[in-house]
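Below is one structure, written out as structure tokens; the observations come after it.
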Amino acid sequence: MADNQPSESELSAELDALLARTRPERVVVVTGAGISAESGIPTFRGPEGYWTVGSREYHPEDMATEAAFSTMPREVWRWYLYRKGVCNAAAPNVAHEALARLEGALGERFTLVTQNVDGLHLRGGCSLARTIQVHGNTDFMRAVEGDDTPIPIPAGVPAIGRDEPLSDEAWELLVTADGRRTRPHILWFDECYNEKLYRSESALAAAEGCELLVVVGTSGAAAIPYHVAAVALKNDAAIIDINPGSNPFSAHAVDRAKSGKGLWLRGSGSRWVPELVDKLTG
Ligand code: NAD
């Protein structure tokens, strides 16, 4: 090829060679917004991410914060109920489904760490036990004060169109059974990971014991994929990055390719995840 990028058939052959060399038993897969982009859920990069309140335009990094929630809780809820509607209207794609097949084959030797809040891995067939949703899930809420166990958003709360207001009826439903106000079950940009709500320690423990780390569709902007990769690579795991664009994980993969333990599958999740799973389970 003109720019010296390997062809798809060359990448397939390199994938065969890496798997034959490393024969991974335990696999950790980290996914980001890119794996759901082909299901029609926008990543945070596009114009769909913006949100207007009054005359002001907000970025996701402004809306998805405890600071925003504490000053305009109804607007933040409105944004999340809109996003929940977008997620609920989307369907899992072949990449989500392939990862469910991988879980079926590997059982407890498989761990999925997803930054996505769309629930598509669960709807695609992965189990809650093997899926660590490190940033939460738009289908859940939890009390602002007291017991903060996540609970499903009541079915009576309607999806909201982009320019629709949040009705008083819906607002009144966003409470716990004993009447406490709730918030979306989402890790916000100004908050910290923790084991109880987001199983972040479990994600790192899985990384500690894996022989293969697969990263799909993440730009590497959030902290936990970074730490998961650091732990896995420290323990000499192989790394495969699936992403059409370069990112910190593709850089690691290219670097470790020199010792036969890295591969950047430059392309989409739907192109490469099913093939990788077929080869791991074949
Ligand atoms: P990001 O938006 O920062 O980056 C998306 C990455 O996906 C990019 O590296 C891009 O090159 C890649 N990509 C685009 N299309 C792809 C495809 N078809 N196949 C594979 N890769 C593809 O996403 P991020 O790293 O996940 O970080 C964004 C944060 O926003 C996360 O914390 C996440 O919780 C949240 N978020 C979640 C969703 C969701 O749940 N679906 C959507 C938007 C944002």
Side-chain angles (χ1 to χ4, degrees), residues 31-93 95-96 114-124 128 131 133-144 148-176 179-191 197-198 217-219 221-222 269:
T31 64
I35 196 169
S36 294
E38 289 169 287
S39 291
I41 300 178
T43 64
F44 270 172
R45 317 260 131 199
E48 300 91 342
Y50 298 106
W51 193 249
T52 307
V53 179
S55 58
R56 204 182 140 186
E57 210 165 61
Y58 289 84
H59 294 234
E61 292 82 352
D62 307 316
M63 290 302 286
T65 60
E66 209 280 320
F69 186 75
S70 65
T71 53
M72 47 176 189
R74 278 182 81 129
E75 269 305 325
V76 171
W77 255 124
R78 189 167 80 85
W79 185 58
Y80 273 104
L81 292 177
Y82 163 70
R83 294 191 65 212
K84 173 181 185 297
V86 172
C87 297
N88 291 168
N93 64 51
H96 298 101
T114 186
Q115 298 173 88
N116 295 343
V117 296
D118 55 34
L120 286 187
H121 284 299
L122 302 179
R123 285 168 54 205
L128 188 56
T131 305
Q133 301 176 101
V134 273
H135 290 171
N137 183 321
T138 55
D139 288 326
F140 288 78
M141 61 186 194
R142 61 180 202 254
V144 173
D148 59 0
T149 306
I151 47 178
I153 292 176
V157 176
I160 286 187
R162 206 178 161 93
D163 299 316
E164 258 181 83
L166 174 61
S167 70
D168 289 340
E169 292 77 22
W171 178 248
E172 293 309 324
L173 287 172
L174 293 168
V175 293
T176 60
R180 285 171 297 138
R181 292 291 339 156
T182 63
R183 53 166 280 173
H185 174 50
I186 298 287
L187 178 77
W188 285 329
F189 283 102
D190 52 357
E191 296 180 317
L197 290 170
Y198 303 107
T218 182
S219 68

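All residue numbers refer to positions in the sequence shown, counting from 1.
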* Asked: Salt-bridged, R74 to D168, with N to O below 4.0 Å?
  -> yes

* Asked: Roughly how far, to the nearest 0.5 Å, is CD of E75 from CG of L166?
  -> 8.5 Å

* Can you name the closest pair of heavy atoms from I160 and E164 and give their distance? -> CG2-O, 3.5 Å

* Asked: Going by heavy atoms in the side chains, are D139 and N88 under 4.5 Å from each other?
  -> yes

* Asked: What pair of heavy atoms forms the shortest contact from L120 to S36, and how long is it?
  -> CD1-OG, 3.8 Å

* **Closest non-hydrogen atom pair between P73 and W171, with its separation** => CB-CH2, 4.1 Å

* **From R83 atom CZ to R162 atom CZ, the distance as rounded to the nearest 0.5 Å** => 10.5 Å

* Structure fact -> Shortest non-hydrogen pair, S39 vs A90, comes out as O-CB, 3.5 Å

* To do: With rounding to the nearest 0.5 Å, note down the distance linking CG in L173 to OG1 in T182.
  => 10.0 Å

* Structure fact -> To the nearest 0.5 Å, atom CG of D118 lies from atom CG of N137 at 8.0 Å

* Asked: Heavy atoms, side chains only, cut-off 4.5 Å: are D190 and F69 in contact?
  -> no

* Do the side chain of T65 and the main chain of F189 share a donor and acceptor less than 3.5 angstrom apart? -> no

* Asked: Which atoms form the tightest heavy-atom contact between Q115 and T218, and what is the distance?
  -> NE2-OG1, 2.6 Å

* State, with a plain yes or no, whether a side-chain heavy atom of M141 is found less than 4.5 Å away from one of Y80. => no

* Roughly how far apart are K84 NZ and W79 CH2, rounded to 0.5 Å? -> 15.5 Å

* Structure fact -> d(H135 NE2, N116 CG) to nearest 0.5 Å is 9.5 Å

* Asked: Do M72 and Y58 have side-chain heavy atoms sitting under 4.5 Å apart?
  -> yes

* To do: Please examine the side chains of V117 and Q133, heavy atoms only from C-beta on, and report whether any two atoms are closer than 4.5 Å.
  => no

* Residues that Y198 engages under ring-ring contact (aromatic ring centres under 6.0 Å, His included), provided they are two or more places apart -> H185

* To do: Report yes if some heavy atom in the side chain of W188 is under 4.5 Å from a heavy atom in the side chain of M63; otherwise report no.
  => no

* Can you find a heavy atom in the side chain of C87 that is under 4.5 Å from one in the side chain of I41? -> yes

* Asked: Quick check: does any side chain N or O of T131 sit under 3.5 Å from a backbone N or O of L128, one acting as donor and the other as acceptor?
  -> no

* T31, L122, I35 screened by side-chain contact (heavy atoms from CB on, under 4.5 Å) with H96, the one that passes -> I35

